[in-house]
Amino acid sequence: PCRIRDILNTTYKLIYPCKKLPIPMDREWDEWKARIISTEETVLSEIGFQLNAVCPHQFVLFQCNDLKTSTAVAKLSWSVANDCMYSQHIMLSYPPHQISAAAIFVAMQFLQ
């Protein structure tokens with residue numbers, strides 16, 4: 001977990017690289033803090049407060065066994081599933097068994 005002060009400092013420096021950081025107790029600081037907290041509440045409500053994600057890796061193994069794929073396909077599918085973990089859009093938009101099936105499909109297409 002990050003402190004909100006660190007988030008504010010980093011955000012402010014990214015947006016205004018030449019300006020001096022505001023004093024933590026002035027009006028501008030309070031406005032930024034309120035906006036970040038409001039944005040965090042919006043994001044959490046949009047994802048339905050679902051912060052636990054089921055990883056697709058166990059499904060990769062089960063599906064590869066069911067399909068009797070080669071070890072190379074299974075390894076590449078595992079790697080593709082790992083890469084999918086870096087995409088918040090993919091992880092929040094699709095169930096893990098679909099991500100797994102897509103990873104196996106991509107691996108099979110790549111190896112053929």
Side-chain angles (χ1 to χ4, degrees):
C2 295
R3 297 182 320 175
I4 195 157
R5 176 184 217 158
D6 296 336
I7 295 170
L8 288 170
N9 287 338
T10 303
T11 305
Y12 197 87
K13 274 311 213 181
L14 286 172
I15 294 173
Y16 305 111
C18 297
K19 288 178 86 176
K20 186 178 175 185
L21 287 173
I23 299 169
M25 296 302 167
D26 72 356
R27 193 177 124 260
E28 184 178 15
W29 183 272
D30 290 337
E31 288 174 4
W32 272 75
K33 185 176 179 179
R35 286 174 52 195
I36 287 190
I37 291 171
S38 173
T39 302
E40 182 179 29
E41 289 172 352
T42 301
V43 168
L44 287 172
S45 67
E46 284 296 316
I47 64 172
F49 295 90
Q50 296 293 327
L51 301 177
N52 295 328
V54 178
C55 296
H57 298 84
Q58 65 182 358
F59 295 99
V60 167
L61 295 177
F62 292 137
Q63 291 172 347
C64 283
N65 283 336
D66 285 346
L67 295 171
K68 296 178 179 30
T69 62
S70 68
T71 305
V73 170
K75 286 181 179 180
L76 186 56
S77 301
W78 187 275
S79 296
V80 172
N82 275 341
D83 291 344
C84 289
M85 296 290 288
Y86 292 107
S87 171
Q88 294 172 356
H89 171 72
I90 292 172
M91 292 303 297
L92 294 174
S93 299
Y94 303 100
H97 67 278
Q98 288 180 355
I99 296 171
S100 165
I104 294 169
F105 176 78
V106 168
M108 293 179 88
Q109 291 295 312
F110 184 78
L111 291 174
Q112 287 182 353

Exercise. Just one of Ser93, Ser87, Cys84 clears the side-chain contact (heavy atoms from CB on, under 4.5 Å) bar with Ile99, so which one?
Worked result: Cys84

For this session: Check each of Leu14, Leu8, Ile7 against Thr10 using the side-chain contact (heavy atoms from CB on, under 4.5 Å) test, and report the only one that passes.
Result: Leu14

Are any non-hydrogen side-chain atoms of [X] and [Y] less than 4.5 angstrom apart?
X: His57; Y: Leu61; value: no
X: Leu21; Y: Trp29; value: no
X: Met91; Y: Pro56; value: yes

Between [atom1] on residue [X] and [atom2] on residue [Y], distance to nearest 0.5 Å:
X: Asn9; Y: Cys2; atom1: CG; atom2: SG; result: 12.0 Å
X: Leu67; Y: Ile104; atom1: CG; atom2: CD1; result: 6.0 Å
X: Gln63; Y: Gln58; atom1: CD; atom2: CD; result: 10.5 Å
X: Thr71; Y: Leu76; atom1: OG1; atom2: CG; result: 12.5 Å
X: Lys75; Y: Cys64; atom1: NZ; atom2: SG; result: 12.5 Å

Exercise. Got a donor-acceptor contact below 3.5 angstrom from the Lys13 side chain to the Lys19 backbone?
Worked result: yes

Problem set entry | Thr39 side chain vs Arg35 backbone, donor-acceptor pair below 3.5 Å | yes

For this session: Group every Ile, Leu, Val, Met, Phe, Trp and Tyr by side-chain heavy-atom contacts under 4.5 Å, then state whether Ile37 and Leu44 land in the same group.
Result: no

For this session: Flag yes if Ile47 and Phe49 sit in one hydrophobic cluster, no otherwise; membership is Ile, Leu, Val, Met, Phe, Trp, Tyr, and two members link when side-chain heavy atoms are under 4.5 Å apart.
Result: yes

Exercise. Among all residues two or more places apart in sequence or in another chain, which pass the ring-ring contact (aromatic ring centres under 6.0 Å, His included) test with Phe105?
Worked result: none

Problem set entry | Residues Phe62, His97; criterion side chain to side chain contact (heavy atoms under 4.5 Å, CB included); working and verdict | CA-CA 10 Å; Phe62 292 137; His97 67 278; over 6 Å; no

For this session: Might you confirm whether atom OH of Tyr12 has over 12 heavy atoms from other residues, nucleotides or ligands at distances under 6.0 Å?
Result: yes

Exercise. Is the CD atom of Glu28 crowded by more than 12 outside heavy atoms at less than 6.0 Å?
Worked result: yes

Exercise. Minimum heavy-atom separation for Val60 to Ser100, with atom names?
Worked result: N-OG, 3.0 Å

